[in-house]
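Everything below concerns the one structure shown next.
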Amino acid sequence: MRTRFPPSPTGFLHVGSLRTALMNHLLSKQTKGSFLMRIEDTDRERLVPGAVENMLKGLAWAGIIPDEGVMLDKNGEVIQKGTHGPYFQSERLDLYRKYADELVAKGHAYHCFCTPERLAEMRKDQEARKQAPMYDRLCLKLSKAEVEAKLGSGDATVSERHVIRMKVPHEKTITFNDDIRGDMRFQGHTVDDQVLLKGDGFPTYHLAHVVDDHLMETDLVIRGEEWLSSLPKHLLLFEWLGWTPPRYAHVPLLLSKDRKKLSKRDGDVAVEEYITKGYLPEVMVNFLALLGWNPGTTQELFTMEELIEQFSLERVQKAGAIFDPEKLDWLQGQWMRKIPVKEFAARILPTVAEKFPAANSDHDFTKKAALIQERITFFHEAPEMLKWFYEEPHVSVELLANEKQKVTAAQLPEIFDALTKILTDVSEKEWTAEGIKTAVMGNLGSFKQGQLLWPLRAALTGLPYSPGAFEVAEALGREKAMERLKAAVAIIS
Ligand code: GLU
């Protein structure tokens with residue numbers, strides 16, 4: 001199956017766009033077809049330099065590489081490749097004009113010379129009368145001779161301004177079966193006479209989409225639900241040009257947690273922000289695939305390969321999909337734990353060593369990495385999470401005492417007395433997490449577990465959160481651990 005991703009280069013790669021790109025990618029791979037990228041750069045005023053590179057990089061980060069169309073070469077340059085190009089719509093203007101003229105010749109489209117001022121006036125009027133904004137067909141009343149005179153008048157201001165509009169048959173009922181929405185039915189009189197070719201000679205999305213997805217042999221169009229209301233226009237164009245439309249699947253919108261359309265106010269919507277924050281590409285892919293799609297099982301973690309195997313449009317819901325940042329973070333944690341520990345250690349070593357060069361010569365680094373892998377969300381948190389090993393902790397009475405663990409400042413001398421006694425008795429040979437645990441748990445005396453463990457861990461790390469007291473004590477080694485215990489005693493006495 002040939003699928004496509006045709007972004008408008010008007011800004012960054014939006015998470016919603018990455019989701020539709022992903023779905024298109026999954027189905028092309030599932031069917032051993034191809035995935036094509038085309039650039040819809042017909043809105044010249046909204047072009048943003050660098051947007052195409054940004055989008056391709058975002059896709060590549062997620063593991064989506066176009067098979068055809070616009071892609072990055074080995075040097076990171078944007079190139080076009082394939083037999084259906086050019087893939088920048090701005091380089092295909094002659095084609096769109098040809099089909100627009102054909103539609104005019106067939107009587108399905110007409111020239112319109114209305115000025116923007118007149119159209120604005122008309123819209124204001126319609127609004128005041130609570131009517132749907134639609135072109136009032138003033139120019140449809142022009143005779144052929146009048147149109148020709150205007151077109152050939154040589155008056156640049158007039159001929160520059162004219163557009164070509166489609167002539168929607170008001171009495172027609174347009175029906176279609178969408179892969180997600182099912183049977184759809186549109187009444188012609190509710191559909192506006194859409195502009196197909198603009199005054200600047202560029203097509204609108206509507207004409208360009210139909211021409212391109214026909215000529216580029218697209219089998220399936222997966223796009224956002226915001227295009228659903230335009231579907232009747234596209235279906236009419238396919239019919240008038242004598243072409244079979246592709247299959248369409250309109251995917252539900254992304255919603256914020258309060259069920260409003262996801263916008264910048266709800267946090268980051270640019271894929272780039274998530275890359276910068278340190279989300280794993282696997283997590284983003286997993287997360288976006290589950291927005292609106294459910295596998296019908298309890299499985300929550302999916303690799304790209306599993307998604308290619310299991311994804312299906314039948315299991316995509318019609319209702320909006322909630323973009324839940326907490327779920328994203330949960331998935332991030334899950335994926336972090338899945339990384340083989342050696343690989344995890346290798347990935348965090350450079351950042352940790354940048355802050356603590358001693359990490360480079362630490363033979364036990366993997367063991368330390370394993371201690372934080374259970375708790376970490378982002379790689380960049382690693383130096384902070386391991387700093388207790390590489391630098392002396394800042395310990396205070398406020399940290400050592402802890403209300404939740406029922407440790408008061410007044411109790412600290414007694415607690416550290418007990419801890420010192422217990423740990424002095426643990427030999428160098430027994431100094432493992434297990435050995436220390438046995439010693440502490442077997443000698444709690446009148447203390448509750450937390451009353452010894454919290455101060456011990458806090459004294460060893462200087463942190464409110466860290467790996468457990470026994471693991472930390474083992475990692476530090478007996479000598480260093482006993483020194484820190486002594487230092488804590490000095491602080492409290
Ligand atoms: N250029 C359109 C957009 O960025 C593409 C929509 C489609 O997938 O056809 O929204």
Side-chain angles (χ1 to χ4, degrees), residues 278 333 336-337 339 341-342 344-405 407 409 412 415-420 422-424 426 428 430-441 449-493:
M336 287 298 251
R337 325 267 175 273
I339 303 172
V341 65
K342 275 207 175 123
F344 175 75
R347 283 192 70 167
I348 60 168
L349 181 58
T351 36
V352 175
E354 201 179 308
K355 240 184 141 192
F356 309 112
N360 273 325
S361 46
D362 184 349
H363 297 304
D364 271 343
F365 187 76
T366 305
K367 225 165 152 186
K368 263 161 227 124
L371 288 184
I372 62 166
Q373 195 179 3
E374 276 308 302
R375 291 177 175 77
I376 200 165
T377 311
F378 299 107
F379 289 126
H380 61 76
E381 296 166 342
E384 184 62 25
M385 292 177 84
L386 283 177
K387 77 172 181 190
W388 51 270
F389 184 77
Y390 298 104
E391 64 181 25
E392 288 311 309
H394 297 288
V395 178
S396 63
V397 173
E398 290 72 44
L399 178 72
L400 295 172
N402 184 292
E403 209 183 306
K404 214 172 132 211
Q405 301 296 342
V407 181
L412 288 173
I415 287 172
F416 275 92
D417 208 33
L419 283 170
T420 308
I422 298 168
L423 295 178
T424 307
V426 180
E428 183 76 47
E430 293 163 331
W431 196 269
T432 61
E434 228 7 78
I436 302 162
K437 183 177 176 183
T438 310
V440 175
M441 301 305 267
Q449 190 175 314
Q451 286 178 304
L452 290 190
L453 295 192
W454 175 274
L456 174 59
R457 203 192 49 74
L460 296 181
T461 63
L463 296 171
Y465 304 102
S466 75
F470 307 132
E471 287 80 11
V472 166
E474 177 187 323
L476 287 170
R478 188 174 193 281
E479 196 185 325
K480 221 174 190 176
M482 292 310 283
E483 266 170 33
R484 289 190 183 183
L485 208 57
K486 235 197 236 161
V489 170
I491 285 168
I492 56 166
S493 40

Would you say CD of Glu430 has more than 12 non-hydrogen atoms from neighbouring residues, nucleotides or ligands within 6.0 angstrom?
yes
Begin with the C-alpha distance, continue with both residues' side-chain angles, and end with the deciding distance and a verdict on side-chain contact (heavy atoms from CB on, under 4.5 Å) for Phe416 and Leu485.
CA-CA 8 Å; Phe416 275 92; Leu485 208 57; 3.8 Å; yes
Specify the closest pair of heavy atoms between Ile339 and Gln373, including all atoms of both residues, with the distance to one decimal.
O-NE2, 2.7 Å
Would you mind checking if Lys486 and Glu483 are paired as a salt bridge, meaning a charged N to carboxylate O distance below 4.0 Å?
no
Checking the side chain of Trp454 only, and the main-chain atoms of Leu399 only, is there a donor and an acceptor separated by less than 3.5 Å?
yes
Quick one: salt bridge (charged side-chain N to carboxylate O under 4.0 Å, His left out) partners of Glu374, sequence neighbours excluded?
none
If you look at every heavy atom in Val472 and Pro467, which pair is closest and at what distance?
CG2-O, 3.4 Å
Which class fits the ring pair Phe356 and Tyr390: parallel under 30°, tilted 30 to 60°, perpendicular over 60°?
parallel
With sequence neighbours excluded, what pairs up with Lys342 under the salt bridge (charged side-chain N to carboxylate O under 4.0 Å, His left out) test?
none
Here the gap from Leu452 atom CG to Ile422 atom CD1, rounded to the nearest 0.5 Å, amounts to 5.5 Å
Look up atom CD in Glu474 and atom NZ in Lys368, then write down how far apart they are to the nearest 0.5 Å.
10.0 Å
Taking Arg457 for the side chain and Ala469 for the main chain, is one N or O donor matched with an acceptor at less than 3.5 Å?
no
Residues in ring-ring contact (aromatic ring centres under 6.0 Å, His included) contact with Phe378, at least two apart in sequence or another chain:
Tyr279, His380
Among Leu456, Val407, Thr420, Leu400, exactly one meets side chain to side chain contact (heavy atoms under 4.5 Å, CB included) together with Ile415. Which residue is that?
Val407
Measuring from atom CD1 of Ile491 to atom NE2 of His394, what distance do you get when rounded to the nearest 0.5 angstrom?
10.5 Å
Minimum heavy-atom distance between Ala458 and Val395, given as atom pair plus value:
O-CG2, 3.8 Å
Mind checking the OG1-CZ spacing from Thr351 to Phe379? Nearest 0.5 Å is all I need.
8.5 Å
Quick check against the 3.5 Å criterion: does Asp364 have a side-chain atom that pairs as donor or acceptor with the backbone of Lys367?
no
Start with the C-alpha gap between Met336 and Thr377, add the side-chain angles, then the distance that decides, and say whether side-chain contact (heavy atoms from CB on, under 4.5 Å) holds.
CA-CA 7 Å; Met336 287 298 251; Thr377 311; 5.9 Å; no
Do Lys387 and Leu463 make a side-chain contact, defined as non-hydrogen atoms from C-beta onward lying under 4.5 Å apart?
yes
Roughly how far, to the nearest 0.5 Å, is CD of Glu392 from CZ of Arg484?
4.5 Å
Closest non-hydrogen atom pair between Lys480 and Leu476, with its separation:
CB-O, 3.4 Å
Here the pair of heavy atoms bringing Thr424 nearest to Arg478 is O-NH2, 2.8 Å
Between atom CZ of Phe389 and atom CG of Leu371, what is the distance when rounded to the nearest 0.5 Å?
10.0 Å
More than 12 heavy atoms of other groups within 6.0 Å of Glu391 CD
yes
Looking at Arg375 and Gly333, would you say the former's side chain and the latter's main chain have a donor-acceptor pair under 3.5 Å?
no
Identify the heavy atoms of Gly477 and Trp431 that sit nearest to each other, and give their distance.
C-NE1, 3.4 Å
